[in-house]
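We name chains A, B, ... by the order of the sequence lines, and we start the count at 1 in each one.
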Amino acid sequence: MCPITYAGAVQLDEFRWMLPKEGGMRVPGVLFADRPLLEKMLSDRTPQQVRNAAHLPGILEASIAMPDAHWGYGLPVGGVVATDPEEGVISPGAVGYDIGCGVRLLRSRLTRAELAPLVERLADALFRNVPCGVGSSGAVRVAPRELERVLRDGAGWAVQRGFGTAGDLEHCEEGGVLEGADPDAVSQAAHQRGRGQLGTLGSGNHFLEVQEVEQVYDERAAAALGIARGEVTVMIHCGSRGLGHQVCTDHVRDVSRKLAGWGIVLPDRQLACAPLASPEAQAYVGAMRAAANFAWANRQCIADGVRRAFSETLGRGPADLGLSLVYDVAHNIAKFEHHETSAGRVRCLVHRKGATRAFPAGHPDVPAAYRAVGQPVLVPGDMGRYSYVLIGSQGAMRYAFGSTCHGAGRQMSRTQAVRDTRGRDLVQELRELGVVVRYEGRDTLREETSEAYKDVADVVRVVQGADLARPVARLKPFLVVKG
DNA sequence: ATGTAC
């Protein structure tokens with residue numbers, strides 16, 4: 001029997017393709033995709049970047065790409081790479097420039113109909129309370145010494161400052177803080193860039209959406225997560241702003257200079273990495289954790305801005321709105337975890353870059369309230385269509401180091417999207433779709449137009465088919481704030 | 001993603 005191959009990828013089953021070991025690859029590559037998504041992946045350099053990452057010293061099992069994967073810096077966005085803690089390395093490029101970037105979902109007890117007469121005013125209030133755009137700042141004042149506490153304590157710092165409640169922290173991955181952050185490994189330049197940016201959304205694909213739960217696929221899981229059809233949710237997508245960007249820049253440069261000395265040869269210098277035992281790796285790990293904590297604090301501050309905006313607009317106290325946190329999960333991060341491999345149960349460093357942790361039911365790291373159903377996974381789509389809430393499934397542990405997809409993935413470059421939408425009134429088009437929008441930046445809406453993204457439903461179908469995660473609900477936006 | 005070029 002002859003296996004089906006397509007452009008060098010060997011089909012393993014309906015939703016998995018293997019890139020066989022060749023040259024200096026230490027492990028094979030695995031692409032999660034159906035045929036149409038595989039073809040989209042093959043149209044950029046994603047498979048080559050997956051192969052390149054398979055050269056990383058100490059990489060375990062496979063170099064993995066999720067169905068929303070597309071070309072990125074060194075490793076594709078949508079890449080998962082696990083390395084051995086003794087023999088292996090950490091690669092800043094395999095975490096990405098927006099360290100700690102992730103998604104937070106709030107739910108309410110409001111309905112869209114209730115909000116309908118207030119949508120324009122709510123949009124103004126959100127736009128006012130949550131600054132957005134490149135270089136946006138000024139939402140939260142932080143003294144220079146206090147920034148160190150942000151970097152150590154993450155979302156907990158924000159709660160202590162009065163931005164939210166202790167209950168919020170229980171519904172964050174890791175409680176909203178990675179232990180072992182080292183603020184001293186974060187350069188002064190990074191401190192300065194980040195200090196004014198807490199509570200701000202940034203730009204690019206970052207957004208804030210008010211959505212309606214339009215479809216529930218799993219009633220039991222939805223009930224556990226506290227969401228129900230017809231209710232309003234708020235989704236926040238953002239990261240560590242200029243601070244995380246500067247941390248990545250600094251440490252890519254530092255480890256890049258030492259590569260030859262360590263005797264590490266890589267097909268792409270953008271994958272520059274450091275042996276986990278080296279001081280350089282320790283410094284990056286400490287700085288990366290600090291930047292991730294900044295991102296968690298940032299999303300916590302933004303959630304507070306959202307609650308204030310709702311409160312102002314509806315004339316009700318924040319406690320009456322029921323705007324509670326469903327979950328907050330990062331999709332650009334590297335973490336030490338235990339996983340079952342062909343060599344048995346091992347501790348490993350899992351790099352997730354545009355990939356989301358997706359622990360299944362019963363895993364001790366899933367919050368107690370959700371442990372019987374699995375870890376929530378938040379998957380944004382695009383501003384004209386929908387986003388998904390998923391829960392982690394067993395196959396994620398078996399095939400992908402406890403990981404799944406993180407979004408729709410672009411299918412059109414920013415420049416092409418701007419060119420293709422020239423002359424169209426996207427504000428009006430979105431209005432006709434029932435979406436009210438506020439935005440910063442001349443080309444933001446064109447760059448982020450629906451057609452620039454793959455249909456996230458196609459991505460979800462693959463992760464469901466591969467048993468990485470299962471759909472709980474689909475969320476339809478009706479108010480979008482973008483930078 | 002990003003003080004979108006050091």
Side-chain angles (χ1 to χ4, degrees), chain A residues 44 46 49 68-79 91-104 130-139 147 186-198 200-208 236-254 256-257 270-271 284 287-288 290-292 294-296 298-299 302 329-334 351-356 380 382-383 406-410 412-419 439-448 452-453 481-483:
Chain A
D44 64 21
T46 301
Q49 290 194 315
D68 51 331
H70 58 86
W71 183 88
Y73 179 89
L75 188 73
V77 177
S91 169
V95 171
Y97 272 83
D98 193 1
I99 297 165
C101 184
V103 186
R104 168 174 291 222
V130 184
C132 63
V134 180
S136 50
S137 64
L147 185 58
V186 176
S187 68
Q188 276 312 304
H191 276 82
Q192 274 163 21
R193 281 178 73 172
R195 194 156 73 83
Q197 295 185 324
L198 270 179
T200 67
L201 203 52
S203 70
N205 63 1
H206 290 166
F207 66 80
L208 190 168
I236 296 160
H237 175 213
C238 69
S240 53
R241 308 286 283 103
L243 184 139
H245 191 276
Q246 190 64 47
V247 166
C248 185
T249 302
D250 293 340
H251 289 264
V252 162
R253 184 198 55 225
D254 290 352
S256 199
R257 285 180 182 151
Q270 293 186 349
L271 282 171
Y284 173 67
M288 177 206 66
F294 184 89
W296 266 307
N298 191 27
R299 289 193 290 276
I302 289 172
V329 63
H331 51 227
N332 282 7
I333 201 159
H351 301 69
R352 297 192 182 94
K353 178 185 183 183
T356 314
D382 63 78
M383 62 183 166
H406 87 307
R410 292 194 80 86
M412 203 185 278
S413 71
R414 292 182 177 279
T415 42
Q416 192 193 340
V418 171
R419 191 168 354 104
Y439 66 99
E440 200 70 63
R442 192 191 55 173
D443 289 331
T444 299
L445 286 190
R446 299 190 188 289
E447 289 173 355
E448 292 292 311
Y453 285 90
V481 177
K482 283 201 70 81

Quick one: label [X] by what it contacts on the DNA or RNA (base, sugar-phosphate, nothing), any heavy atom closer than 4.0 Å.
| X | result |
| --- | --- |
| A:G204 | sugar-phosphate |
| A:R414 | sugar-phosphate |
| A:Q197 | sugar-phosphate |

Roughly how many Å is it from [atom1] in [X] to [atom2] in [N], rounded to a whole number?
| X | N | atom1 | atom2 | value |
| --- | --- | --- | --- | --- |
| A:F294 | B:dT2 | CZ | P | 11 Å |
| A:Y97 | B:dA5 | OH | P | 13 Å |
| A:L201 | B:dT2 | CG | P | 9 Å |
| A:Q192 | B:dT2 | CD | P | 18 Å |
| A:I99 | B:dT2 | CD1 | P | 12 Å |
| A:H237 | B:dT2 | NE2 | C1' | 14 Å |
| A:N332 | B:dT2 | CG | C1' | 13 Å |
| A:H245 | B:dA5 | NE2 | C1' | 12 Å |

Using a cut-off of strictly less than 4.0 Å, decide whether A:S203 has a side-chain nitrogen or oxygen near OP1 or OP2 of B:dT2.
->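 For B:dT2, OP1 or OP2 has a side-chain N or O of A:S203 closer than 4.0 Å.
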Taking only residues two or more places apart in sequence, or in another chain, which ones meet A:Q246 in a side chain to side chain donor-acceptor pair (under 3.5 Å)?
->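 Partners of A:Q246 by the side chain to side chain donor-acceptor pair (under 3.5 Å) criterion, ordered by chain and then number, come out as A:R193, A:D250.
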Who passes side chain to side chain donor-acceptor pair (under 3.5 Å) against A:E448, sequence neighbours left out?
->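 In terms of side chain to side chain donor-acceptor pair (under 3.5 Å), with neighbours along the sequence ignored, A:E448 is linked to A:R410, A:R414, A:Y453, A:K482.
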Taking atom types as modelled, find out whether A:S136 and A:R241 have a side-chain donor-acceptor pair closer than 3.5 angstrom.
->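 Side-chain D/A pair, A:S136 to A:R241: present.
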Are A:H237 and A:H406 close enough that their ring centres sit under 6.0 Å apart?
->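 Judged by ring-centre distance (under 6.0 Å), A:H237 and A:H406 do not meet the cut-off.
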When you match A:V134 and A:D98 each to their closest nucleotide on DNA chain B, which lands nearer the 5' end?
-> A:D98
